[in-house]
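Each ligand, and each atom within it, is numbered from 1 in the order the structure gives.
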Amino acid sequence: MTIEHTGPTRHNTTGSDIRVDEEQQHLDLTYARLDRMRANTNRRLSEALRETEDNPQALSERESYERLYTDDLTKFDAAEHNLYFGRLDLEDGEIRRIGRIGILDDDEADSTLLLDWRAPLSRPFYLATPAAPESVEMRRHIRTRNRMVRAVNDEYLTGEHAVTDMSAHGDVVNESALVSALNAARTGEMTDIVETIQREQDIIIRSTHRGVTVIQGGPGTGKTAVALHRAAYLLYTHRDTLSRSGILIVGPNDDFLDYIGQVLPSLGESGVLLSTVGDLFPGVSAAATDSRETMAVKGDLRMVDVVKRTVRAYQSLPSMPVPVTFDTYEVQITSQLIKDARAKARSSRKAHNQAQRIFVRAGLDGLAQAHARTIGASLLDGSQLLSAGDIADIREEMAQDPDIRRELLRFWPTLTPLDVLRDLYADPAAIRRATPGWSDDDRAALHRVAAPRPEGADFSPADVPLLDEIAELIGFGTEDDEREQRAQWRRQLAEAQEALDILTGSAPQDLEDDLDPEILMAYDLIDAEQLAERQTRRRNLTTAERAVGDRQWAFGHVIVDEAQELSAMAWRMLMRRIPNRWMTIIGDTAQTGDLAGTRSWQAVLEPYVAKRWQLRELTVNYRTPSEITRYANRVLHQINPEHSPPTSLRSNGIEPYAMTAAGSSVPSAVVTALGGDWPGLTAIIAPDNQCAGIAAELDGRTSGGDEIRVLTVSACKGLEFDNVVVVGPAEILRQSPRGHSDLYVALTRATQRLVVVYDEPLPDELKDLPVRND
Ligand SMILES: Nc1ncnc2c1ncn2[C@@H]1O[C@H](COP(=O)(O)OP(=O)(O)OP(=O)(O)O)[C@@H](O)[C@H]1O
């Protein structure tokens, strides 16, 4: 074992560092307690599972205990690695020890072995600096592995050992731990940063603001890390409310969600729903893709009116009277009759499907009156001979007539969002009617040749907010859903009854006659209703699982990452999921690549919260070394000269360079550029139309045993790699009106090394890259 340490060292008689011995002792105590907690919880879990009470209340209690104990065990397992990492020695002699979870000893005094990193008392660990020591004399960073202390770093903030010569980054806390975390090779999965959260990040993570907070920051400033730690912090601080309503984190694509997916579980939090916008509509997995232009059109706010007109078009009028037969007479469904019924239904202001009942009722009233006029009018003076009761009877009879009902419903049909959108896209005439004043190009962007209809898979992420908008207008997933749930319950009940019948039927006959009261038979103990209820409870859904299946779920807090990419229509959908508007919005308007995405937070938020939102900025780039940001910042200047670039925290001495593809194909030039094995993960970021060719040329080649990934710019959003090869920067600039943002994103993915491969002149910002062709 190598022991690293800084700060004044004290040795014991065997020559080892007393501080390490001291921390090892505490670590042993803490792990021993963790092991006891684990054993106790395991015992309680087994007891709960052995519980045989079978009434619904006991079952439900047992299930909540099961969940509680299982959650605790997951938390203990998550805390195992680097359980204890920080210590504060205060000026008044108090010592605080900080770890991944809070642990109390089981001694008489319940003394605190570890404070949770999220507890208020832990906060100075992240905030105190020599300039603002917050009563901290010394901050100790303890590095452990496999329950052994590996290194101890002390930082004196006050007193005789205080650091007076502050580092170049005077605000950096836990600098040596931070630098080693930043230099570590990437694994392809994001890791938590609890040991090295920085001051400006901590302020956001623990913000008490109850409205909308926007976190703007350049690439690599830790926006995603902050978002995830904020979720963990909020769950710790508001566990009661948020464990019931849930936290939703929205990210740009599945690769990104996979990349960040381990961070919250490693912090012991598993109840957070991570989703893309494309997955937020129950039953739809948005697998189709759209061109950039189509995405821009679908994401534009003009679609609100398109969708409204489309739904209203189903509330149609007959061009000719429609004859129906009632009681051997012919009755006409006229345009006027439908118009009156439609006016009544529309004036109810209910959603389309819910207003259908009003429409049908009004239609039946009109038809009954019309029929009464035919059969009940006096031949003398035309006065009505039928009483109001007679007419009501006619109406009642008509209501039972399936043909009449069906004919009326043609003019106010039951709708589903999926069919409405499919039918719109498939019909150029319907698109034209719904888009007055639009250009032919924009209309063409909506049209698609009727697709096969695998359940929900023919939609793209840009369609999902439109489906949601339609669902709102037609009231889908509200009363209809409840009705469906009731039907499901009835089916379940029938199945349970069937199961009991089989059980009863298969009971041995001799027992029938001579039933031993001691033998407990299933059919004696439980009726069908109880059985069905038990099955329902057994599903034992977590908050996240329930939320994902419910379009109308109101989350307690929503965090949106890479929020600059969301279209105006996507914002409308998200805002429906968070009526209390308690949100953390994270992004960088300089990185906006989506043509429907945003360049201005104010423009996005104005319709929902006016000016009531606060902006926080992150200013330090933890990912990209200064050798690379030098070039990336020039691209940023092209995007917006007023955007101040984040400061790179480190320099690694590896100069970026360019390689020309002249004389060979781009894919083979890329393979040449990869040269020997670079340590760590490698990615190639290329223009959309070149990725397939490069992947084919690579033919599964690896670097240092890891797959080399080939990505478009939009797919690499939010990700990072040790080594990055950016291909065709001029083509990246050209392929989108937001080309500079795309190039900026591509250039800022590397933590160590950047190589640019080009086959046409380099853009001005990269012109002075050293060229190497070896
Ligand atoms: N305080 C910290 N301690 C250790 N590592 C950190 C810290 N803050 C950020 N990092 C690391 O810096 C890298 C960049 O962080 P992150 O991906 O959150 O940045 P970002 O602002 O979301 O970037 P982008 O805008 O490019 O998506 C990650 O590897 C993250 O773990």
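- Aromatic rings from H209 and W613 are positioned such that their centres are separated by 6.0 Å or more.
- With sequence neighbours left out, D706 forms a side-chain hydrogen bond (donor to acceptor under 3.5 Å, both in side chains) with no residue at all.
- The list of side-chain hydrogen bond (donor to acceptor under 3.5 Å, both in side chains) pairs with a residue in residues 219-228, not counting sequence neighbours, reads T224-D561.
- Near ligand 1, residues L178, L182, R186, M190, I193, T196, I197, Q198, Q201, G218, P219, G220, T221, G222, K223, T224, A225, E562, Q591, Y622, R623, G718, E720, R749 each place a heavy atom inside the 4.0 Å sphere around the ligand atoms.
- Of the charged side-chain nitrogens involved, at least one lies within less than 4.0 Å of a carboxylate oxygen, so that D154 and R19 count as a salt-bridged pair.
- With sequence neighbours excluded, the residues forming a side-chain hydrogen bond (donor to acceptor under 3.5 Å, both in side chains) with S651 are E627, listed by chain and number.
- Using bins of under 30°, 30° to 60° and over 60° for the plane-to-plane angle, the ring pair H141/F85 lands in the tilted bin.
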